[in-house]
Structure formats: C-alpha cells, structure tokens
Amino acid sequence: MINGYIRNDKMNDARQLFDENPLSRNVVSWNSLFSGYIKHDQIHLAQQVFDEMPVRDVISWNIMLSGLHKMRNRRGIYHCFLQMGRDGLRPNEFTFSILISALMNTGFSLLIPQIHGLAFQFSLNSSLFVGSALMRGYTYFGDRKNLCQVFDEISVKDVTSWNALVLGYMELGLPGEARRAFDMMPEKNIISWTTLVDGYICNKKLDEARSIFDECSERNVVLWTAMISGYVQWGEFVHALELFLLMWKSDTRPNQFTFSSALDACAGCSSLLTGKQVHSNMLKSGIPSDVILSTSLVDMYAKCGDIEAAFCIFESMPKKNLVSWNSIIGGCARHGLATRALEVFERMTMSGVEPDRITFVNVLSACVHGGLVEEGKRHFNSMGTDYGIKAEMEHYACMVDLYGRAGFLERAVKLIEGMPFEPDVVVWGTLLATCGLHSSLELGEFAAKGIHTLQKDHPAVYLLLSKIHSEQGIWDSVIELRKMMKHGRAKKQKAGSWIESSIVVQ
DNA sequence: GTAGGGTTAG
C-alpha cells in the first residue's frame, strides 16, 4: 500500500498512512518511506526518517549509501560505510556495488582496490553486480590486468559482464581486444553492439564503427545516435547528416539526443538550410525540448550565421544553464556584436549563473572583435579576482590579440613575458599577426623567433615576415623569405575556417 | 524496501 503511493509520487499520502498506523510499522515500511524520500529528492525528510528508525538493517544502510551517491557526497559515503560496520552490519553485494560506483571518478577512487580486497574477504567478488562495478573501477585506473582478473572471478557471467569487458578494452585503447571479446560473447544485446560501435568511435576508427553499425540488425535509437554523433565528433558532418537522413527514412524515431547531434552537424558545416530543416522536423515530431536540445539549437543558429534566430530560441528557453549562456555569448562574439555579448554576460552574472573559463574566452574574444581594450582588460582581471578562474593560454591569446590589434604591441609583449607558463604557438602567432597588421618588423621578428622555437618552418612566420618586410621596402629579405618558402618545408596553409584558426594570414 | 553496460549542447 505505502509502496503504491510512493510509486505514484504521492509521498504525502504515503507519510499519512505510515503515521496513522504505528502498530504495523516494521523495518520494511521504514525503508520504503526512507527510499521514497530519497527518490523524490526530499533529503531532509529522508535524513529525519533515517534518524528516527528504531532498527536499521543492511538495506537501510544501502539506501543511505545510494542517497549519498545521488547527492554526490563522497566523504559521506565513505563515513557511512564505516559507520555501518561499527553498527555491526555485514555489507552485502548491494553495498559493494553501490560503494564502488559511488567512489568512481572521485578522490576516493584510490580506495577501490582495497574495497576489492574487502569484497574478496566477504566472498562477494564473484557476484555479477560487484564484478561489473569493479571492472568499471579498474578500467578507470587503466589497469588491464585487474580488469581481466575481476572478469575471470565472476562465477556466472552475464551479458552485462561481457559488455563491461568490451567497454573496458575500448576505454583502454585496445579495440582489437575489445573486438575479440565481442566475438567470443555467448550472447549479445543491442547494448553490446552500441558499446562496440561507440568504442571504435572513441578510438577514432570510424570505418570499423560504421561496418559494425551496418552489420547490426536490430538498430535502436541509441545505436543510430551513437553513430551519428561519432561522425560529428570527428568532423564528418556530411556523413552525420546523411546517416540522419537514412534514420529518418527508417522506422526508428530520433530522440532529443539524436536531434542534438544532427543540429551539431549542421552547425559544424554552417548549413543554415539543413539546420532549419532539422529544427522543423524536431517541432513536427513533438520531441519535448530540454535545455541541452535548446542549447544545440542556439548554437546551430549562431554558428550558421542567424544570430537573431539564436537569440529568439535563447530568450524563449524557460531554463538556461552555463552552457546556454556561453553559446549565445560566443555567438555574439563571432558575429562581432561585442556590446551585446557584454550585456548578455552582465545578465548572466546577475541571474546568478557563475561564469567559467569558456565564458571568459567568449567575453574576451567579443572584446577583441569590438576593439574594447579597457573592458577586455577589466574582465581579464576580474576573472581571477572575482571568480577565482586562472587565466589559461586561450585567455592570454585573446588579450595579446586585443592589445595587438589596438596597436598596443608593447603591452602585448609585456603580457606574454609575464605569463606564468611558456607561450604556445597560438599566442606567438597572434602576436605575429597583429605585428603584421601594424607592420612592426622588430616585434614581428621577436614573435617569429618565438614560433620558431616551438615549431620550425611554420608557414605563417614566412608569410607575415615577408609582408612586413615588403611593406618596409626590404625587398632582398622578401625574396630570401619567398625562396625559403619555396624550397623549405613551409608551404602556405590551405585557408581554413576563421573560427578554427587564430593565425590570420592577410 | 537497495545494485551493474550503450546516445546530446558551449
């Protein structure tokens, strides 16, 4: 009865029933109420119930552990596990699998081998659930030997154990081993196929991924999406869109994951027309729009050149997160709408969303495009003082660009010299390019030297220097430089997108 | 009444 209420999201009714029947309370009903509150994110009430429980069994503690996992309270999980032992309770296989998954990707993950030892003492290492959790743990450590060891320890392996092995090999960068395991599997499900396809994609083996995808006879939306987003990940936007079209003609309906990837593909090849078609298909198919999908739309319109449409979607979003704000600010920056970018940034901080490093890359590049030197400087400084974000290479590159374009070449050089790390080729290239703009031979050569120490024969160096030299009428060196380009390894690079390349060859 | 594999955004 109480569980019926909880299943139907009626926690108040469940509580009332519980309160009205003090005599029929037992550890099971206490646990039901407790896990109900956790399921519905009513943490304080859950904690209250846990504290009031007259008796706690191992399930009560397991529910507590999974609640702490849900709340990402790593320290709490560790202490809860210790407390449970002090209470004289013996952990079971649920305990270990919750514990291991909860400690993954945290500072506490170093404890996983010890937990493995403990599970072994309780003879729970041969359990299906503990085994697959441990396999994920060892994969995370890059520990192939223990990954296989745990797999071997599982007494009766099921398809999930095999899938964890395939996934493990793929994540360790061993697609050959993963394929061997896949071929040896006694039974496969659609997740096995997707794991293999996605694993090939992560290892940049798109052709292998596609051939497995084609071979699979029971494709579902997840498999289709994995393949489409795989193409997008590696810049094969047209392939992604072709596959999306194939899917559209098949009997599998795209979901928000698929649409998001398709929009990303449109953004990647700056195809507004296709983007609009995908958008309209999205509306027609009645997919509920979530924050990620809407952000993909914003990004697509911004990258395809329709910043007003991007704004339209952005303003209509009931929920915006950091990524949504970053997308629209970045969109403004690329469109040269510096003031608008700064206004949106202002709105973002006012609405309580904390900026991150990407926000500042976007804000600073907006300043670059708008020539807003003082604003740029102010934001660059506030990044560390107000938000505790350390300036990275990209931020410095923006500032060098900002100062350089405005003609403050000395300030740009001073900034480079004061950087807490060695400048990279982008920073030097930015300086070089702005020296090109202002025909500064001396600093241009300084920048060229900087690039040369990192990357010999970079074509941009020769092009820019030859431009500067020729403007200053130093024709001998121009001829010399052209010769070097012709005979040396340096060749003028193919023109790329201005978004990708920060070295602008004029 | 508690637990394990696959797909989305800057």
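Chain letters run A, B, ... following the sequence lines, proteins first, then strands; residues in each count from 1.
Here A/Tyr396 and A/Phe380 bring their ring centres to under 6.0 angstrom of each other. In this structure, A/His279 has its ring center no closer than 6.0 Å to that of A/Phe259.
In terms of modelled atom types and a separation under 3.5 Å, the side chain of A/Ser294 and the main chain of A/Val291 share no donor-acceptor contact.
Among the nucleotides B/dG6, B/dT2, B/dT7, the one closest to the side chain of A/Asn62 is B/dT2. Proximity note for A/Leu167 (side chain, C-beta onward) versus B/dG4, B/dT8, B/dG6: the nearest is B/dG6. Picking from B/dT2, B/dA9, B/dG5 the nucleotide with the shortest atom distance to the side chain of A/Ile191 gives B/dG5. Side-chain atoms of A/Thr194 lie closest to B/dG6 of the nucleotides B/dG6, B/dA9, B/dT8. Nearest to the side-chain atoms of A/Ser229 among the listed nucleotides B/dA3, B/dT7, B/dA9 stands B/dT7. In this structure, of B/dA3, B/dT2, B/dA9, it is B/dA9 that holds the atom nearest to the side chain of A/Ile292. Of the candidate nucleotides B/dT8, B/dT7, B/dG6, B/dT7 has the atom lying nearest to any side-chain atom of A/Asn255. If you check B/dA9, B/dG5, B/dT7 against the side chain of A/Phe257, the one that comes closest is B/dT7.
Residue-level contact check: A/Ile98 touches the backbone only, with heavy atoms under 4.0 Å from sugar-phosphate atoms and none from bases. Backbone-only contact: A/Lys39 has heavy atoms under 4.0 Å from sugar-phosphate atoms and none from a base. Residue-level contact check: A/Ser161 touches the bases, meaning some heavy atom is under 4.0 Å from a base atom. Using a 4.0 Å heavy-atom criterion, one finds that A/Asp57 contacts the bases of the nucleic acid, with or without backbone contacts as well. The residue A/Thr160 sits close to a base: some heavy atom pair falls under 4.0 Å. Using a 4.0 Å heavy-atom cutoff across all strands shown, A/Ile6 reaches no nucleic acid atom at all. A/Leu322 comes within 4.0 angstrom of a base, heavy atoms only.
Between A/Ser296 and B/dT8 there is no side-chain N or O to OP1 or OP2 distance below 4.0 Å.
Side chains of A/Pro175 and A/Lys205 form a contact here, defined as non-hydrogen atoms less than 4.5 Å apart. In this structure the side chain of A/Glu52 reaches within 4.5 angstrom of the side chain of A/Trp30, judged on heavy atoms.
For A/Ser132 against B/dG4, a side-chain-to-base donor-acceptor contact under 3.5 Å is present. For B/dG4, its base sits under 3.5 Å from the side chain of A/Asp158 at one donor and acceptor pair at least. For B/dG6, the base has a donor-acceptor partner in the side chain of A/Asn220 [N/O atoms by modelled type, under 3.5 angstrom]. No hydrogens or angles were tested; on distance alone, a donor-acceptor pair under 3.5 Å links the side chain of A/Asn321 to the base of B/dA9.
Exactly one residue among A/Phe213, A/Trp224, A/Tyr200, A/Phe182 makes a ring-ring contact (aromatic ring centres under 6.0 Å, His included) with A/Trp193. That residue is A/Phe182.
Between the CG atom of A/Leu223 and the P atom of B/dT8 there is a distance of 13 Å, given to the nearest Å.
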